[in-house]
Amino acid sequence: MKNFILLFVHVMCAAALFLGACSTSVGPERLKGEWDAEEAGIHLKITGNKFIENTGTTPLTENYFVKADTIFTSFEGNLPYTKFVIQQLDEHTLKLLYPDSVAVTFTRGK
């Protein structure tokens, strides 16, 4: 019985490590590209280190980094950071929760 419990604990730990290692992460590589939000009239371009938001007027270009499921942007590294929470990210869709608690759905640009 002791061997069974010990084996069970080892298998569960291995499964937890395996699931953690295989989970998909939100990173700059998955975010890169051009995104359009038709209903909000926003064009978003994300490069390796720039977060460019164009609402029809002058484009706003900021530096950014990603931590967990949040994009932190700042103008030339100045504080405070603006936080955008990533609610959904796949090959064709990006759903961001803006700092004013408005969710905007983007589709990958053509």
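Just so you know, residue 1 is the first one in the sequence shown, and it goes up from there.
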**Student:** Going hydrophobic residue to hydrophobic residue with side-chain gaps under 4.5 angstrom, can you get from I42 over to F75?
**Tutor:** no
**Student:** Can you tell me how far OG1 of T107 sits from CD of E91, rounded to the nearest 0.5 angstrom?
**Tutor:** 13.5 Å
**Student:** So F106 and L96, do their side chains get closer than 4.5 Å, heavy atoms only?
**Tutor:** yes
**Student:** Who are the ring pair (Phe, Tyr, Trp, His ring centres under 6.0 Å) partners of Y81, not counting sequence neighbours?
**Tutor:** F65
**Student:** Check whether any side-chain heavy atom of I52 sits under 4.5 Å from a side-chain heavy atom of I46, and report yes or no.
**Tutor:** no
**Student:** Between T61 and F51, is any pair of side-chain heavy atoms under 4.5 Å apart?
**Tutor:** no
**Student:** With the side chain counted from C-beta on, respond yes when V85 and Y98 share a heavy-atom pair under 4.5 Å apart, and no when they do not.
**Tutor:** no
**Student:** Between OG1 of T93 and NZ of K95, what distance do you get to the nearest 0.5 Å?
**Tutor:** 10.5 Å
**Student:** Please answer whether the main-chain N or O of E34 pairs with a side-chain N or O of R108 as donor and acceptor at a distance below 3.5 Å.
**Tutor:** no
**Student:** Taking only residues two or more places apart in sequence or in another chain, which ones pass side chain to side chain donor-acceptor pair (under 3.5 Å) with N63?
**Tutor:** K50
**Student:** Are L94 and L31 close enough that some pair of their side-chain heavy atoms sits under 4.5 Å apart?
**Tutor:** yes
**Student:** Are Q88 and D90 side-chain neighbours, meaning at least one heavy-atom pair lies under 4.5 Å?
**Tutor:** yes
**Student:** Would you mind reporting whether K32 and T47 have side-chain heavy atoms less than 4.5 Å apart?
**Tutor:** no
**Student:** So do L97 and F84 actually touch side chain to side chain, heavy atoms under 4.5 Å?
**Tutor:** no
